[in-house]
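Below: the structure, in structure tokens.
Quick note: numbers below take in every heavy atom, side chains included, and nothing from hydrogens, waters or symmetry partners. Every chain is numbered from 1, with letters handed out A, B, ... down the list of sequences.
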Amino acid sequence: MGLDLKPLVTPASLKLPELTGKVVAIDAYNTIYQFLSIIRGPTGEPLANSKGEITSHLSGLFYRNANLLGDNIKLVYVFDGKANELKMAEIQRRSQLKKEATEKYQLAVEEGRIEDARKYGIRTAVLTDKMVEESKKLLSYLGIPYIQAPSDGEAAAAYLTRRELAFAAASQDYDSILFGAKKLVRNLAISGKRKVPNRNVYIDVEPEIFEHDKVLQEIGLTHEQLIDVGILIGTDFNPGGFPGIGPKTALKLIKENGKLENVEKIKHLLPKMPYQEIRDIFLKPEVPKVDRIDFGEVNREKVLDFLCVDKSFSADRVSSTLDKLQKSIANRSQSLEQWFG
DNA sequence: CACCCTAA
DNA sequence: TTAGGGTGG
């Protein structure tokens with residue numbers, strides 16, 4: 001279920017123009033997984049090409065990136081590497097949930113319960129190695145660089161903000177804050193419409209930004225203490241956290257006691273928990289070797305060939321999106337030439 | 001999710 | 001111009 005810091009931190013609203021000219025390091029798995037879950041037909045089936053290969057992730061990546069690039073936002077995608085041993089329990093838990101959702105989904109489809117089919121279909125999304133390769137391919141055709149993280153993508157994205165190679169990290173998860181991202185952007189999207197789970201209702205979801213310094217100031221803790229709060233609530237490395245302790249209680253306990261070791265009511269549980277190792281995952285994560293990020297250019301032919309020939313996208317739609325993008329890029333360099341040329 | 005068309 | 005609903009693949 002991830003790290004639930006939401007009740008403890010207050011976002012500032014963010015308008016996309018504020019990111020103009022800035023580098024944003026995107027949590028690739030988080031983003032692609034979101035597309036795979038949400039971009040589906042009415043009965044919960046993902047988009048697919050004529051060969052039956054899923055294309056939801058490519059649709060999401062193409063249209064969103066085209067828009068963000070058109071707004072002159074510089075993107076770098078960060079892919080997860082090898083998962084930490086401590087994450088295995090969470091990975092298995094998720095895979096079990098998917099298995100259950102898949103059974104419910106198939107039953108709902110057979111019985112013609114369309115809304116249920118959609119609800120469960122969303123939970124069945126599995127991100128395969130092939131999809132990752134296809135995503136990287138599309139990114140490279142769009143001129144968008146990507147970085148392969150040695151372990152957690154969020155840790156690598158946070159590192160890029162620390163190195164000032166990126167202005168912000170973008171992810172839906174709050175882990176980036178524990179990894180020390182200077183800034184975290186959530187809801188980085190074009191349309192603000194988002195489906196609320198379990199209901200056929202759409203609400204406006206605005207992009208929001210969290211600044212690391214302000215977060216610590218707001219809750220009155222050090223970074224190390226915030227990590228302890230996270231461990232109490234539960235992270236990917238200790239799913240569920242400690243029984244009976246939610247975000248509010250966790251914050252109270254660390255404020256009163258300073259650190260995990262001093263919290264009386266969990267003293268009997270601490271020895272069974274590798275909390276020092278988890279602290280180190282957040283404080284001293286493995287990070288990629290990066291000194292600079294090279295931004296590329298759109299390769300129109302490759303994009304068209306890949307999406308329209310290979311993946312059955314509509315040539316009209318793809319080329320008109322590319323037209324729009326290339327036009328805004330051309331306008332940009334033209335206005336630069338007026339100043340400097 | 002994002003696009004596109006239609007209605008008001 | 002904006003809101004709502006269907007469609008994309």
Side-chain angles (χ1 to χ4, degrees), chain A residues 14-17 19 24 26-71 73 75 77 105 109 112 114-115 117-128 130-135 137-139 141-142 144 170-173 185-208 298 302-328:
Chain A
L14 175 77
K15 304 281 173 220
L16 287 188
L19 295 177
V24 180
I26 299 186
D27 180 355
Y29 270 69
N30 186 266
T31 302
I32 296 169
Y33 183 79
Q34 214 88 12
F35 291 143
L36 276 178
S37 304
I38 303 295
I39 305 182
R40 282 165 188 267
T43 54
E45 84 286 3
L47 303 189
N49 69 359
S50 55
K51 297 172 238 166
E53 299 166 320
I54 293 176
T55 54
S56 299
H57 54 307
L58 300 173
S59 176
L61 278 175
F62 174 64
Y63 291 110
R64 181 178 295 176
N65 285 329
N67 277 295
L68 295 175
L69 292 177
D71 290 342
I73 300 170
L75 306 172
Y77 275 70
Y105 168 66
V109 170
I114 292 180
E115 285 197 9
R118 214 187 133 73
K119 177 171 88 179
Y120 294 123
I122 286 171
R123 301 185 199 166
T124 65
V126 174
L127 179 46
T128 66
K130 187 180 168 198
M131 292 171 182
V132 170
E133 289 318 306
E134 289 167 344
S135 299
K137 194 186 223 185
L138 180 58
L139 290 172
Y141 294 162
L142 288 170
I144 298 173
S171 175
Q172 290 308 97
D173 293 343
V185 173
R186 295 186 73 249
N187 307 332
L188 180 65
I190 309 311
S191 99
K193 296 283 184 200
R194 185 77 53 86
K195 192 181 188 305
V196 311
N198 296 330
R199 308 222 336 250
N200 207 9
V201 178
Y202 288 80
I203 51 165
D204 266 334
V205 184
E206 298 293 324
E208 53 192 29
V298 179
K302 294 266 195 193
V303 173
L304 276 167
D305 184 64
F306 181 46
L307 290 183
C308 305
V309 178
D310 209 3
K311 301 297 178 188
S312 310
F313 280 54
S314 144
D316 279 353
R317 281 187 171 217
V318 173
S319 25
S320 81
T321 300
L322 288 171
D323 285 345
K324 212 174 91 187
L325 170 58
Q326 294 183 304
K327 203 168 282 181
S328 70

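Side-chain atoms of A:Asn67 lie closest to B:dA2 of the nucleotides C:dG9, B:dA2, C:dG8. Distance from the side chain of A:Phe313 is smallest to C:dG9 among B:dC3, B:dC1, C:dG9.
Between the C1' atom of B:dA2 and the CD atom of A:Gln34 lies a distance of 14 Å, rounded to the nearest Å. Atom P of nucleotide C:dG9 and atom CG of A:Leu61 are separated by 15 Å, given to the nearest angstrom. Rounding to whole angstrom units, CZ of residue A:Arg40 and C1' of B:dA2 are separated by 16 Å. Summarising the geometry, the separation between CD1 on A:Ile114 and P on C:dG6 is reported as 11 Å, rounded to the nearest angstrom. Between the P atom of C:dG8 and the NZ atom of A:Lys311 lies a distance of 19 Å, rounded to the nearest Å. Atom CG of A:Leu58 is separated from atom P of B:dA2 by 15 Å (rounded to the nearest Å). Rounded to whole Å, the distance from OH on A:Tyr63 to C1' on C:dG8 is 7 Å. In this structure, A:Leu188 places its CG atom 12 Å from C1' of B:dC1, rounding to the nearest Å.
Residues from residues 316-328 of chain A placing a heavy atom under 4.0 Å of any atom in DNA chain C, listed by number, are A:Arg317.
Checking the phosphate oxygens (OP1, OP2) of B:dC1, no side-chain nitrogen or oxygen of A:Arg64 falls inside 4.0 Å. In this model, the phosphate group of B:dA2 is not approached by any side-chain N or O of A:Asn65 to a distance below 4.0 Å at OP1 or OP2.
Across all strands shown, A:Pro46 has heavy atoms under 4.0 Å from base atoms, whether or not it also approaches the sugar-phosphate. Contact annotation for A:Ser314: backbone-only contact, meaning every heavy-atom pair under 4.0 Å involves sugar-phosphate atoms and none involves a base. Across all strands shown, A:Thr55 has heavy atoms under 4.0 Å from sugar-phosphate atoms exclusively, and none from any base.
Rounding to the nearest 0.5 Å places CD of A:Glu53 at 6.5 Å from CD of A:Glu134. Rounding to the nearest 0.5 angstrom, the gap separating the CG atom in A:Asn30 from the OH atom in A:Tyr77 is 10.5 Å.
A salt bridge between A:Asp27 and A:Arg186 is absent, with no side-chain N of the basic residue lying under 4.0 Å from a carboxylate O of the acidic one.
The side-chain heavy atoms of A:Val303 and A:Phe62, taken from C-beta on, include a pair separated by under 4.5 Å. Between A:Leu307 and A:Leu138, the closest side-chain pair of non-hydrogen atoms falls below 4.5 Å.
Closest approach of A:Ile38 to A:Arg118, counting heavy atoms only: O-NH2, 3.6 Å.
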